[in-house]
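Okay, structure first, notes after.
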Amino acid sequence: MPLKIYNVLGREKQDFVPLEPGRVGMYVCGPTVQDYAHLGHAKTYLSFDMIVRYLRFTGCDVLYVQNLTDVGHLLDSGEDRILKKAAQVQAKPMQIVEYYTRSYFEDMDALGVVRPDISPRASGHVPEQIKMIETLIAKGHAYEANGSVYFDVTTAPDYGKLSNRRIETQAAGSREAVRDEKRHPEDFALWKKAEPEHILRWESPWGEGFPGWHIECSAMAKKYLGPTFDIHGGGVDNIFPHNESEIAQSECANDADFARYWILVGSLTVDGIKMSKSLGNFITIKDALKQHRPEVIRMFVYSAHYSSPVDYTGESLTAAANGWERLYGAVRLARQMKNDAPEGDAGNAILPRLDEARRDFLAAMDDDFNSPKAIAALQELTRDVNTLLNSGAAVGRGVLEAIETIYRELGGDVLGLIPAADTAGGDSRREAGLIGLLINLRAEARKNRDFATSDRIRDELKALGVILEDRPDGTVWRTN
RNA sequence: GGCGACGUAGCCAAGUGGUAAGGCAGAGCUCUGCAAAAGCUCGAUACGCCGGUUCGAAUCCGGCCGUCGCCUCCA
C-alpha cells in the first residue's frame, strides 16, 4: 500500500512519490536557540521524528535537515532575539546560542528523537544567503533600500499559494508603505542594515548587516537538498509569513519548484491557549521529563494526529502515562517470561493476531502517519497478548520472541514508545539480588501465613519505588 | 475584519456515503490470603445547531453558533 501524505500545498491527501525512488530529502524548520525548548517544540519534533523513523522503517534513505536559527529572527520591537537575551544575561551572543543549542539537543536526546543528519546554523551560512539575495536582486525580485534588501512580493505570482493569503492590491499605496522603506507592506526583509549597536553583523554588498529570518531556510535547504526536494516540515504557526516567504524566495531565485510536500504540525495549547515563549505559558521539556518518562510524553503527543492541535492538561499526561503502562507492561512481561520459557511454539494461536496487528499498524501509518490509529492497533493487540501471558499456560520461547519483536519494531523503532530493553534492575545486579532476597523471604512468610511480614515487605518496597506482583508462577518486580 | 483549521460519550481520540475504533477515568465481576497486574461486563438511538442532497450522512452541500491558529515574534 502506498504511503499517503496530506500535502498542505494543495490541501489534499496525495500518494507520496519521492523525486528519486527510495530516497527522501526532508527539511524541517528548527528552533530559534534563545531559550529552553518547551512541550510545543516537543510536539513538532516528535512528530517529524515519527515521520522520519517510519520512512526509514519502510526502507527509504532519508536525508533529514533541520536548521538552528541563531541570527536574524527579530522581535517585533526590531531587536534580534539572540542579542536581546545576550544583553539580559550579559553574555556573548554566541554563548547564548551555544548554551541553548546544547540544551535543545539534550532535550531531544532525552525524548529519544533521532538527530537530524545535518543541523545547519544560520550564522554559518551567511555567504550562501548573500549569494541568494544577489540572485534575487539580479532577477528583479528584490531591491535595496538604505542598506537593507527587501523581497518584492508582487514579482512572485504564486505568493500566498501555501497559506491561501493573497496580496491586497490596494494595500500597495497605503500610508504605511510610503513611510516605510518597503515598496509594499507585504514585502519582507532579506537583509537588514546593522545599526551601530548591533553585534552580529556581516559584510555584504549593501554594507554591514545581517540576514532576515526567512532567507536562511531557503539558502540552507538549497545547499543540502538542492533547489527541489521532497518534504518540508514545520509548525503550522509558521505557515505565514515564514513558509510562504521561503517558497517565494526559493522559487524565484532557483527557477524551480521548492518543496513538493508540505507537512505542517498542529500547535500545542495549554488550557486552550497556544504554548509559546512570548506568552510565557510554556512548560519546558526538562520540567516535563521530571514528571514523566520520555515514552509517556511521546505517547501523549502521538495520541492525536500530528496535524491536530493538542491541548495540554495534567490529566492528559496522566492518561497517557496509564495507557503507556499497560502497553509496556505486556512487553515487560513477555521479556520476563522469555528468561525461562520452554522451547517450542506453545501459544502460537496468537501469531495470526500479531500479523493482523502489524497490518493494521502499517495501514494506519501509511495513511498520513495516523499514529492514534496505529497505537490503537497495538492496544487491541495488547489485550490479546495479556490474555495469553496471564492465562497460566506455557508460552514457547519462539512465540514470546515474536511478541517482543512486533512491539520492538512498531512500538519501539517507529514510535519510540517501547524501550529496547527493560532497564529495571539491569543497572544494578546488587539491587536485583537484594530484591530477590526479599521476595524469597516474603514467599516464606506467605507460606507460613505470616501476612503481617509479607505485607510489610511489599509495602516498604513500594515506598522505595519497587512494586511486587504475585503471579501464579511466582512474584515479579518492577520499578515505577 | 481577512485567511486556515476544528466542533464525536465525563475526558482524550479514530472514523470522508452504509449503519459509531481505541485509550483514560468510573461501576460491577473473575483471579488473589489481601493487594497489584491482567481479563470480562456496563457507556454516545448518537457524532455543535438547523435545513438540503441521497435508498442511506458523523461523513457531501448551504446557513447559523462556538473554539482554536495565523495575519506581529513563536515549532
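Naming convention: chains lettered A, B, ... in sequence-line order (proteins, then strands); numbering from 1 in each chain. Computed from a predicted structure; not experimentally measured. What's counted below: heavy atoms across the whole structure, side chains too, no hydrogens, waters or symmetry copies.
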Could you check whether [X] gets within reach of a base, just the sugar-phosphate, or nothing at all, counting any heavy atom under 4.0 Å?
X        : result
A/Arg442 : base
A/Thr387 : sugar-phosphate
A/Gly40  : base
A/Glu469 : base
A/Gly30  : sugar-phosphate
A/Ala376 : base
A/Leu389 : nothing
A/Leu468 : base

For [X] and [N], is the shortest distance between a side-chain N/O and OP1 or OP2 below 4.0 Å?
X        : N      : result
A/Asn322 : B/rA25 : yes
A/Lys462 : B/rA35 : no
A/Asn386 : B/rG39 : yes
A/Arg446 : B/rU32 : no

Rounded to whole angstrom units, what separation is found between the [atom1] atom of [X] and the [atom2] atom of [N]?
X        : N      : atom1 : atom2 : value
A/His292 : B/rC24 : NE2   : C1'   : 13 Å
A/Asp237 : B/rG4  : CG    : P     : 18 Å
A/Arg471 : B/rG39 : CZ    : P     : 12 Å
A/Asn164 : B/rC3  : CG    : P     : 9 Å
A/Asp311 : B/rG66 : CG    : C1'   : 16 Å
A/Leu9   : B/rA5  : CG    : P     : 13 Å
A/Leu68  : B/rA75 : CG    : P     : 11 Å
A/Phe240 : B/rU72 : CZ    : P     : 7 Å

Nearest nucleotide by nearest heavy atom, which residue falls closer to the 5' end of RNA chain B, A/Ser163 or A/Met299?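 With A/Met299 and A/Ser163 compared, the 5'-side residue is A/Ser163.
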Which comes earlier along RNA chain B counting from the 5' end, the contact point of A/Val310 or that of A/Asp455, where each point is its nearest nucleotide?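 Its nearest nucleotide lies further toward 5', so the answer is A/Val310.
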If you look only at pairs with a residue in residues 350-372 of chain A, which of them pass as a ring pair (Phe, Tyr, Trp, His ring centres under 6.0 Å), with sequence neighbours excluded?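 Those involving residues 350-372 of chain A do not exist here.
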Examine the base of [N] for any acceptor or donor lying under 3.5 Å from a partner atom in the side chain of [X], and report the outcome as yes or no.
X        : N      : value
A/Arg383 : B/rC40 : no
A/Arg326 : B/rA37 : no
A/Asp470 : B/rC34 : yes

What pairs of residues pass the side chain to side chain donor-acceptor pair (under 3.5 Å) test when at least one of them lies in residues 44-53 of chain A, not counting sequence neighbours?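 Non-adjacent pairs meeting side chain to side chain donor-acceptor pair (under 3.5 Å): A/Asp49-A/Arg53, A/Asp49-A/Arg298.
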Distance, [atom1] atom - from [M] to [N], rounded to whole angstrom:
N      : M      : atom1 : value
B/rA57 : B/rA5  : P     : 26 Å
B/rU19 : B/rA35 : C1'   : 44 Å
B/rG1  : B/rU59 : C1'   : 32 Å
B/rA9  : B/rU41 : P     : 23 Å
B/rC60 : B/rC47 : P     : 15 Å
B/rG18 : B/rC34 : P     : 50 Å
B/rC6  : B/rG39 : C1'   : 37 Å
B/rU8  : B/rC31 : P     : 40 Å

Measuring from the side chain of [X] (C-beta onward, heavy atoms only), which nucleotide among [options] has the closest atom?
X        : options                : answer
A/Arg458 : B/rG4, B/rA75, B/rA35  : B/rA35
A/Arg165 : B/rG2, B/rA75, B/rG33  : B/rG2
A/Thr269 : B/rC68, B/rG4, B/rA36  : B/rC68
A/Ser454 : B/rA21, B/rG33, B/rA75 : B/rG33
A/Phe451 : B/rG33, B/rC70, B/rA75 : B/rG33
A/Thr44  : B/rG23, B/rG4, B/rA75  : B/rA75

Parallel under 30°, tilted from 30 to 60°, perpendicular over 60°: which one fits the rings of A/Tyr159 and A/Phe188?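 Correct class here is parallel.
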On the 0 to 90° scale, with breaks at 30° and 60°, tag the A/Trp262-A/Phe258 ring pair as parallel, tilted or perpendicular.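 A/Trp262 and A/Phe258: tilted rings.
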Is the distance between the ring centroids of A/Tyr6 and A/Tyr261 under 6.0 Å?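 A/Tyr261 vs A/Tyr6: aromatic centres not under 6.0 Å.
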Within 45 degrees of the axis of the six-membered ring of A/Tyr150 and under 6.0 Å from its centre: does A/Arg183 put its NZ or CZ there?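 Verdict for A/Tyr150: no cation-pi partner in A/Arg183.
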Might you work through the side chain to side chain donor-acceptor pair (under 3.5 Å) test for A/Asp70 and A/Tyr100, ending with a clear yes or no? CA-CA 10 Å; A/Asp70 59 358; A/Tyr100 288 112; over 6 Å; no
G-U wobble or Watson-Crick pairing nucleotide for [N] (cut-off 3.5 Å, both distances):
N      : result
B/rG10 : B/rC24
B/rG51 : B/rC61
B/rU67 : B/rA5
B/rG43 : none

For B/rA75, is there a stacking contact with A/Tyr45, counting only centres under 5.5 Å and planes under 30°?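 No; centroid distance or tilt outside limits.
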Apply salt bridge (Lys or Arg N to Asp or Glu O under 4.0 Å) to the pair A/Arg442 and A/Asp470, showing each step before the final yes or no. CA-CA 11 Å; A/Arg442 177 167 170 271; A/Asp470 296 329; 2.9 Å; yes
Exceeds 12 heavy-atom contacts within 6.0 angstrom, atom NZ of A/Lys286: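 Correct, the count exceeds 12.
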Could you list all N or O pairs between the protein and nucleotides 14-16 of chain B that sit under 3.5 Å apart?
{"from": "B/rA14", "atom 1": "OP1", "to": "A/His305", "atom 2": "N", "distance (Å)": "3.3"}
{"from": "B/rA14", "atom 1": "O3'", "to": "A/Asn370", "atom 2": "ND2", "distance (Å)": "3.0"}
{"from": "B/rG15", "atom 1": "OP1", "to": "A/Asn370", "atom 2": "ND2", "distance (Å)": "2.9"}

Could you go step by step and tell me if A/Glu404 and A/Lys338 meet the salt bridge (Lys or Arg N to Asp or Glu O under 4.0 Å) rule? CA-CA 9 Å; A/Glu404 199 205 334; A/Lys338 216 173 62 177; 2.5 Å; yes
Begin from the C-alpha positions of A/Tyr104 and A/Tyr36 and carry the test ring pair (Phe, Tyr, Trp, His ring centres under 6.0 Å) through to its verdict. CA-CA 7 Å; A/Tyr104 171 70; A/Tyr36 294 111; over 10 Å; no
